[in-house]
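Notes follow the structure.
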Amino acid sequence: MTRFEIRVPERELNLPLCVSCGQVFRWRRIEEDVWAGADGQDGYVCRRSLGGWEVTTNADERSFRRLFQLDRRLRDVEESIVALAPELAPYVARLPGLRLMRPRYAREVLFSFLCTSNNNLERITRMVGWLGDLGEPIAGLPVRAFPPLERLALLDEEELRGAGFGYRARTIVAVARRLTELGGDWLDRLRGVPYGEAHACLRELPGVGPKVADCVCLIGLHFDEAAPIDTHLWQAACRLFFPEWTGKALTEARYLQVGQALRERFGPLTGWAHQYLFYDNLLRWRARSSPERADTLVP
DNA sequence: CCCACACCGATT
DNA sequence: ATCGGTGTGG
């Protein structure tokens, strides 16, 4: 167990925002200004300090810095994005400290995003939390390691349905079996192939369509050019770039075009731009459905 | 290429 | 009643 202090201004890292905006799902606020979470086998408890965060972990400082990409200056990212797309300036200004995360364990990311189809943040968090509870405790920390593939392969559909996974129970079981056949390192090896190839490989897994494949590419495999187009991105893209498509359905052809348009505009910053578009639209949606929490960034 | 529908549970 | 990704069938 190690403990260290990360000195970083809120403008450079808004940790509660990063861990509760749909990139990762196993973080929670355990008391005022204290957040606990896990990335695979790495557990963290983060307590807000005067100049940043005091972190206790079974991993190390390097792991924490990698997880939040702290070696990248957020100021520079923000400036670059606004330079490429001035119309995003208000989005960026609204979400200070929002960072693209880089979880170390791709398998946790894959199973997390298998839970996200046709689903909302609260329920996804419950479901991924249930999966996480199958893992071993991490000594001294109030979090568990994400269960190994062998444990996931023992799950059966009825058990998952009983736990409220709905029809996703089927695909989760099927993916656990398929990954076992493919070999434990199949997923991690996709980090070494080009983005398009990784995306195509992921899509052969049951329950993995274009959007989930891009989530795994961006968050789990670290392809910065991936742009998962969900309903929020679709709305934002129509508003900003494709007004003629407003109100139309998101077909696979249009999915491809939106992704290409974003990649042409933002290049290697596509994934970062995606975070702003996603979260800004999520806030608009919250403002419409429940105006009383329109200004609460972190629920 | 686009659309309509089923899947399951949450929300209006 | 409507929403939301994936898969299937028209």
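No hydrogens, no waters, no symmetry mates; every other heavy atom, side chains included, goes into these values.
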Integer-rounded Å distance: C/dT2 C1' and A/Gln235 CD:
14 Å
Within the structure, does a side-chain N or O atom of A/Thr251 lie under 4.0 Å from either OP1 or OP2 of B/dC2?
yes
How is A/Arg170 classified with respect to the nucleic acid when contacts are heavy atoms under 4.0 Å: base, sugar-phosphate, or nothing?
nothing
Can you tell me how far C1' of B/dC2 sits from CD of A/Gln257, to the nearest Å?
13 Å
Rounded off to whole Å, could you give me the CD1-to-C1' distance for the A/Ile124 and C/dC3 pair?
13 Å
Measure from the ring center of A/Tyr105 to the ring center of A/Phe146 and say whether it is less than 6.0 Å.
no
Can you check whether A/Arg126 has a side-chain N or O nearer than 4.0 Å to OP1 or OP2 of B/dA10?
yes
For the residue pair A/Phe111 and A/Phe25, is the inter-centroid distance of their aromatic rings smaller than 6.0 Å?
no
Under 4.0 Å between a side-chain N/O of A/Ser117 and OP1 or OP2 of C/dT6, yes or no?
no
Rounded interatomic separation in angstrom, taking CG from A/Leu121 and C1' from B/dA10:
13 Å
Mapping A/Thr231 and A/Pro206 to their closest nucleotides on DNA chain C, which lands nearer the 5' end?
A/Thr231
Taking 4.0 Å as the cut-off, does a side-chain nitrogen or oxygen of A/Arg168 come that near to OP1 or OP2 on B/dA6?
no
Between C/dC3 atom C1' and A/His232 atom NE2, what is the distance in whole Å?
11 Å
Is the distance between the ring centroids of A/Phe165 and A/Trp130 under 6.0 Å?
yes
To the nearest angstrom, how far is A/Asn120 atom CG from B/dG9 atom C1'?
8 Å
Atom-pair distance (CG on A/Leu114; P on C/dT6), nearest Å:
10 Å
Going by the angle between their ring planes, with limits at 30° and 60°, are A/His274 and A/Phe278 parallel, tilted or perpendicular?
parallel
From CD of A/Glu244 over to C1' of B/dC2, roughly how many Å is that when rounded to an integer?
16 Å
Does a side chain donor of either A/Glu61 or A/Thr2 reach within less than 3.5 Å of an acceptor in the other side chain?
no
Would you check if A/Tyr167 stacks with the base of B/dC8, given a 5.5 Å centroid limit and a 30° plane limit, both strict?
no
